[in-house]
Amino acid sequence: MTPSSCSQTTAAAGCLDLATVSDIISHQHWSRLKVLAGITSAAAAAQLLHLLLDSPHADPPTVRRLFRWSESHFHSSHPLPLHCRLLHSLAAAKLYSDLRSELHSLAKSGRHSAPSILHSLSISSDTRRRGASLSVIADMLVLALVKNSRTESALEAFYRAGDYRCRLSILSCNPLLNSLIKEGRIENVEKVYKEMIRRRIAPNLITFNTVINGLCKAGKLRRAGDVVEDMKSWGLSPSVITYNTLIDGYCKKGQAGKMYKADALLREMVSAKIHPNVVTFNTLIDGYCKDGNTSAAMRFLEEMNRQELSPNVVTYNSLINGLCSEGKVDGALGLLKEMEDSNAMPNVVTFNGIVLGFCKKGMLAEAKGLLDDMLERNLAPSVITFNTLIDGYCRSGLMEGATGLKRLMLGSGIRPNVPTYNCLISGFCRNGDMSSATKLLDEMEENSVKADLITYNVLISALCREQKTAKAVKLLDEMQEISLQPSHVTYNTLIDGLCKKGNLRAALNIRARMEKGGKHANVVTYNILIKYFSGRGKMDEANKLLNEMLEKGLVPNRVTYDIIKEEMVERGYIPDIDGHLCNDAA
DNA sequence: CTAGGGTTAG
């Protein structure tokens with residue numbers, strides 16, 4: 001049975017039958033292909049590819065080999081419809097690893113949008129079982145886009161796939177959800193999750209854990225709890241990962257009493273016979289440390305040892321950071337020693353914590369000594385090590401030392417980043433050395449390090465301190481030009497600067513801009529304005545503002561109390577021993 | 001394929 005005659009192969013394959021051509025391709029005799037079959041252009045290759053795809057005898061790997069060779073040989077990419085025919089033929093032959101790698105390069109190239117790929121696939125002439133094969137291809141396409149960090153396109157492909165009645169799987173949907181979380185796009189996580197259920201793509205344990213994680217990261221703890229109920233209704237039980245995720249959510253995003261809730265979750269998991277693991281303890285230890293309760297954290301360390309769960313480097317790092325932020329560097333050094341005697345070897349994060357501890361106490365020689373220790377131990381310092389030290393030097397007013405450290409970091413092959421510049425600029429500003437600060441801004445520009453919110457806040461506060469409020473307002477304009485969202489700090493700093501200069505009208509104007517920018521006046525904003533009026537003896541105005549803030553549900557704080565003490569006492573406010581403000585009437 | 005640790009303003 002001869003596959004084809006000369007007349008069928010025509011100009012594209014010269015006067016060879018497709019079996020011979022296939023043979024030449026599978027042996028990669030490309031020069032013979034050019035000479036004998038006349039494949040001397042991308043167009044000729046494309047024509048031959050179509051012939052091979054039409055023929056029931058050419059096998060897909062051979063087609064793919066010719067496709068790849070001709071694209072690289074003629075330095076041009078084939079049209080999308082041809083590419084789609086290749087994808088269909090690979091899918092029909094169930095050559096999934098070839099299909100995956102084709103889709104990977106298609107996703108990587110970024111030449112085509114997700115909708116155009118799906119459209120082209122849907123009208124491709126190939127395969128009788130197009131529906132099933134389209135689903136597999138679309139599923140792999142979404143995955144390939146996710147893996148190539150093209151999350152937006154992956155999301156688009158996810159939605160379009162539904163229009164073509166493709167059945168996607170959790171193999172692509174779970175990674176998509178994860179990428180959306182990593183990019184902080186929680187709204188989309190919820191939408192994709194709901195759409196999955198609508199399309200009857202059965203979520204599995206990992207899907208639920210992922211969605212719960214996204215909601216926790218966004219601080220939507222109640223919604224996360226709802227999803228736990230969802231998973232139960234699907235017959236799935238929360239796992240240790242589910243609990244750890246929820247505990248971390250409460251530790252990082254919970255309101256007052258959050259550690260109590262985290263602890264309640266721990267008890268709940270234990271009574272559900274789910275054993276806490278190292279991550280559970282690490283999460284709780286970090287939570288208690290961040291809550292300023294290192295003694296509770298240390299008790300959990302002891303509990304770990306009792307349960308024969310070995311603390312690891314993460315456990316110790318949380319504790320060391322907690323102790324250092326409370327000024328207990330000695331305790332941190334004790335733990336460092338304990339680490340060295342155990343299997344948890346200190347890493348760069350460990351050292352960064354202790355460097356910060358020393359810096360906070362102004363022990364710069366010790367901090368710098370640790371950097372030298374790291375270099376001696378062949379433990380590479382990171383940009384954060386240098387930033388921490390540089391900030392320490394800046395806060396002690398040692399700007400030459402800080403600049404020297406910047407040179408040292410460059411010598412170690414680490415490039416300064418935004419925080420590096422922010423620390424230095426803030427240091428120079430504190431010293432009133434605006435010209436050095438400005439030079440650094442130019443240097444950032446040269447190195448294409450983009451100024452961020454903190455850079456602007458530092459500069460605005462420095463200009464306000466020097467009463468150069470017009471320049472400060474200009475910086476606010478500039479932020480909006482480059483669509484950098486100003487924060488409460490930005491506005492409050494400006495309002496404070498303008499009030500101090502006696503320019504109330506301008507301050508109120510900034511307040512109006514603040515509301516327009518979607519940021520509502522907070523306690524700090526009111527404190528600034530109340531201070532302005534009470535400082536001028538305008539107690540009526542000050543009282544009006546106090547009422548206004550109460551109406552908005554804002555809670556006055558110790559600063560408010562100190563500004564208008566008499567009025568606050570009259571209203572029943574009393575500061576407690578910790579400096580917090582209480583109201584016995586409330 | 002899902003969970004935990006480090007720097008900069010105020």
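Just so it is clear: chains get the letters A, B, ... in the order the sequence lines come, proteins before strands, and each one is counted from 1.
- Backbone-only engagement by A/Val458 is indicated by non-hydrogen atom pairs under 4.0 Å involving sugar-phosphate atoms exclusively.
- Rounded to whole angstrom, the span from the NZ atom of A/Lys217 across to the C1' atom of B/dA3 amounts to 7 Å.
- B/dT2 atom P lies 15 Å from atom CE of A/Met231, rounded to whole Å.
- When all heavy atoms of A/Ile186 and A/Ala218 are compared, the pair lying nearest together is CG1-CB, 3.5 Å.
- The pair A/Arg199-A/Glu195 counts as a salt bridge, with a side-chain nitrogen and a carboxylate oxygen less than 4.0 angstrom apart.
- The interatomic distance linking A/Asn492 (CG) with B/dA9 (C1') rounds to 12 Å, in whole Å.
- Protein atom CG of A/Leu284 is 17 Å distant from nucleotide atom P of B/dA3, rounded to whole Å.
- A cation-pi arrangement, defined by a distance under 6.0 Å to the six-membered ring centre and an angle within 45 degrees of its axis, is absent between A/Arg377 and A/Phe351.
- Remark: A/Lys182 is not in phosphate contact with B/dC1, judged by side-chain N or O atoms under 4.0 Å from OP1 or OP2.
- Rounded to whole Å, the distance from CG on A/Leu453 to P on B/dG10 is 12 Å.
- Contact between the side-chain N/O atoms of A/Asn213 and the OP1/OP2 oxygens of B/dT2 is not found at any separation under 4.0 Å.
- Atom CG in A/Leu459 sits about 18 Å away from atom P in B/dT8, given to the nearest Å.
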